[in-house]
Amino acid sequence: MQEFMQLNRNLKLRTLTVFLAALLNSSIFPNMTIYYSHYFGRFITGILLMLISGVSFVAGMYGGHLADVYGRKPIMLTGGLLLTTGYVIAAAATIHCSSARRLRSSPS
């Protein structure tokens, strides 16, 4: 722990950010898989998850190139903003789909 506290402030912040992102992904994605398999079916869910992995890989490669061209900090900030935006959109879509399903199933 002492070694961590001696690191540069930016490194500590980045390490904490990566840890929290990994923690959130590890807790959210298994539940999303179960939810999507019920909502879309297993085949479409598998395609969507493969698509997410493929796009993440390509975006990581392209982001590395952009970081070399424009610098790490602006690209990391933009990537974090895009990641946060994606999480907000996913949460809003889940809330919208859940409330729409509840409205359809409620007796009138």
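What's counted below: heavy atoms across the whole structure, side chains too, no hydrogens, waters or symmetry copies. This structure is a prediction, so every number in the text was calculated from the model and none was measured.
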Results of ring-ring contact (aromatic ring centres under 6.0 Å, His included) for Tyr87 - residues two or more places apart only: none

Ser26 side chain vs Leu23 backbone, donor-acceptor pair below 3.5 Å: no

Listed partners of Phe4 passing side chain to side chain contact (heavy atoms under 4.5 Å, CB included), at least two apart: Leu7, Lys12, Thr15

Parallel, tilted or perpendicular, as decided by the 30° and 60° cut-offs, for the rings of Phe40 and Tyr36: tilted

Solution key, residues 46-68 side-chain donor-acceptor pairs under 3.5 Å, sequence neighbours excluded:
| from | atom 1 | to | atom 2 | distance (Å) |
| --- | --- | --- | --- | --- |
| Ser53 | OG | Leu49 | O | 3.2 |
| Ser56 | OG | Ile52 | O | 2.8 |

Point-to-point distance, once rounded to the nearest 0.5 Å, from NE2 of His38 to OG1 of Thr33: 11.0 Å

Hydrophobic cluster membership, Met76 vs Val18, 4.5 Å side-chain cutoff: no

Rounded distance [0.5 Å steps], CG in Leu82 versus CG in Leu77: 11.0 Å

Between CZ on residue Arg9 and CZ on residue Arg14, distance to nearest 0.5 Å: 15.0 Å

